[in-house]
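To start, the structure under review is shown below, and the notes come after it.
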Amino acid sequence: MLKHHLKKLCFISSWIFLNSMAFAVNTDTLYLQQNTIVIDGNLNDWVTIPYSSTFVKHDDNTTSTQKTKAKVTWDNENLYLAFDVEDTEIVGKIQSQDAAFFETDDLVEFFIDPDGDGQNYLEIGINASGSVYDYVIKCPNASCGGWADDQVFDVKDMEIETTIDGTLNNPNDVDTGYIVECKIPFSSLTNISAGNFTKPSNNNSWKMNLFRIDYGIK
């Protein structure tokens, strides 16, 4: 059983994943990507894709001290996410698959819940070293019967690359941040039971949250 108990500051940006504008908080329009996105830890092929809504602190909605920028796009087969993270003290290390390093490491995290019902949604976390966990959260609270998750589930054929400016955990080197790139095949999401995952099409919507955990901030 996994529940998040965060020690320091967290940042969250709420999304509604759309192809046409709608009335909602932090709504971003994402158009079908025509160019090839290469998952290599370099964002040069993302230049035509706009940044998401501004990341803010989850507890008081103020702007975070260390900035987080994110981009999201899609094509007929995959969802793509890119994070450009400012971080002058990166905390973390290489972790085993599905380890609960949200309790210890700086990372980016995203939650994919297309139907927005708060159940059977996908949670993925990636730290600066490229370690990853992917869980299906079946029920997050008492309203659906109490916390239940699936840690066995794996997103098949997911691609991840990270790059770090500076040296991780080296006190003699000043970090400036890290980049995370991720590609998720839609085919792997449809395997989530009761998740109502369908491939996006024009004028439909997905709900997502993009999140950052920063333990190193002063």
Side-chain angles (χ1 to χ4, degrees), residues 2-15 17 25-26 28 39 41-43 46 49-72 79-113 121-135 137 140 149 151 155 158 160-184 207-218:
L2 295 174
K3 296 186 180 180
H4 288 194
H5 301 284
L6 305 180
K7 299 176 182 177
K8 289 193 179 179
L9 297 180
C10 306
F11 312 106
I12 187 168
S13 177
S14 297
W15 283 65
F17 177 32
V25 176
N26 289 347
D28 291 87
I39 306 302
N42 186 311
L43 302 187
W46 290 79
I49 302 169
Y51 285 109
S52 74
S53 303
T54 302
F55 276 57
V56 295
K57 297 179 183 178
H58 79 293
D59 51 356
D60 62 10
N61 209 41
T62 59
T63 302
S64 57
T65 303
Q66 300 196 112
K67 301 300 184 292
T68 309
K69 297 186 293 184
K71 298 186 176 192
V72 183
L79 175 69
Y80 301 87
L81 301 99
F83 293 81
D84 189 351
V85 178
E86 179 183 301
D87 197 332
T88 57
E89 184 184 349
I90 302 173
V91 176
K93 61 183 181 181
I94 296 174
Q95 302 275 8
S96 59
Q97 171 76 23
D98 286 341
F101 54 85
F102 51 78
E103 297 178 339
T104 57
D105 290 11
D106 292 350
L107 55 85
V108 298
E109 192 174 43
F110 46 97
F111 306 81
I112 304 175
D113 185 22
Y121 60 86
L122 181 64
E123 174 182 355
I124 296 177
I126 305 168
N127 71 7
S129 298
S131 300
V132 62
Y133 55 78
D134 50 355
Y135 312 134
I137 309 302
D149 57 34
Q151 300 175 42
V155 178
M158 178 167 55
I160 293 170
E161 288 291 340
T162 63
T163 54
I164 299 171
D165 294 322
T167 304
L168 193 64
N169 291 334
N170 183 347
N172 298 317
D173 193 9
V174 177
D175 297 318
T176 58
Y178 59 97
I179 287 172
V180 175
E181 264 189 305
C182 181
K183 180 174 80 173
I184 300 174
K207 280 193 175 181
M208 299 176 63
N209 277 342
L210 306 184
F211 199 75
R212 174 189 175 181
I213 298 175
D214 186 1
Y215 287 109
I217 194 169
K218 300 297 189 292

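Just so you know, residue 1 is the first one in the sequence shown, and it goes up from there. If you're wondering where the values come from, they're calculated on a predicted model, not measured in any experiment.
With Glu123 as the partner, the side-chain contact (heavy atoms from CB on, under 4.5 Å) test is satisfied by one option alone out of Ile112, Asp149, Ile137: Ile137.
One distance of note links CZ of Phe111 with NZ of Lys207; it measures 15.0 Å at 0.5 Å rounding. Rounding to the nearest 0.5 Å places OG1 of Thr68 at 11.5 Å from CD1 of Ile213. Remark: Gln95 CD to Leu107 CG distance equals 10.0 Å, nearest 0.5 Å. The CG atom of Asp165 sits 6.5 Å away from the CD1 atom of Ile179 when rounded to the nearest 0.5 Å. Thr65 OG1 to Glu86 CD: the interatomic distance, rounded to the nearest 0.5 Å, is 9.0 Å. Here the OG1 atom belonging to Thr54 is positioned 9.5 Å from the NZ atom belonging to Lys67, to the nearest 0.5 angstrom.
A salt bridge is absent between Asp214 and Lys57: the closest approach of a Lys/Arg side-chain nitrogen to an acidic carboxylate oxygen does not fall below 4.0 angstrom.
Of all heavy-atom pairs spanning Ser129 and Thr162, the tightest one is C-OG1, 3.7 Å. The two atoms that bring Gln66 and Asp87 nearest to each other are OE1-CA, 3.5 Å, heavy atoms only. Residue Tyr178 comes nearest to Ala128 through the heavy atom pair CG-CB, 3.7 Å, listed as atom of the first residue, atom of the second, then distance. Between Asn42 and Glu181, the shortest heavy-atom distance links the atoms N-OE1, 3.4 Å. Annotation for Ser96 and Phe101: closest pair O-CE2, 4.5 Å, computed over non-hydrogen atoms. Pairing each heavy atom of Tyr80 with each of Lys183, the nearest pair is CE2-CD, 3.2 Å.
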- May I have the step-by-step check of side chain to side chain contact (heavy atoms under 4.5 Å, CB included) for Val155 and Ile124, ending in yes or no? CA-CA 9 Å; Val155 178; Ile124 296 177; 4.1 Å; yes

- Chi angles and distances behind the side chain to side chain contact (heavy atoms under 4.5 Å, CB included) call for Val132, Asp98: CA-CA 6 Å; Val132 62; Asp98 286 341; over 6 Å; no

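Put simply, the side chain of Leu210 reaches to within 4.5 Å of the side chain of Leu81, judged on heavy atoms. Side-chain contact between Cys182 and Ile126 is present, with at least one heavy-atom pair separated by less than 4.5 Å. A heavy-atom distance below 4.5 Å is not found between the side chains of Met208 and Asp113. In this structure, the side chains of Ile164 and Ile90 come closer than 4.5 Å at one or more pairs of heavy atoms.
Counted by atom type alone, Asp134 and Gln97 present one or more donor-acceptor pairs between their side chains at under 3.5 Å. In this structure, a donor-acceptor pair under 3.5 Å is present between the side chains of Tyr133 and Glu109.
Counting only distance, with no hydrogens or angles, the side chain of Tyr135 and the backbone of Tyr121 share no donor-acceptor pair below 3.5 Å. The closest donor-acceptor contact from the side chain of Lys71 to the backbone of Ile49 lies under 3.5 Å. For the pair Glu161 (side chain) and Val180 (backbone), a donor-acceptor distance under 3.5 Å is absent. Between the side chain of Asn127 and the backbone N or O of Lys93, at least one donor-acceptor pair lies under 3.5 Å.
Using a 30° and 60° split on the angle between ring planes, Phe110 and Phe83 fall in the parallel class, below 30°.
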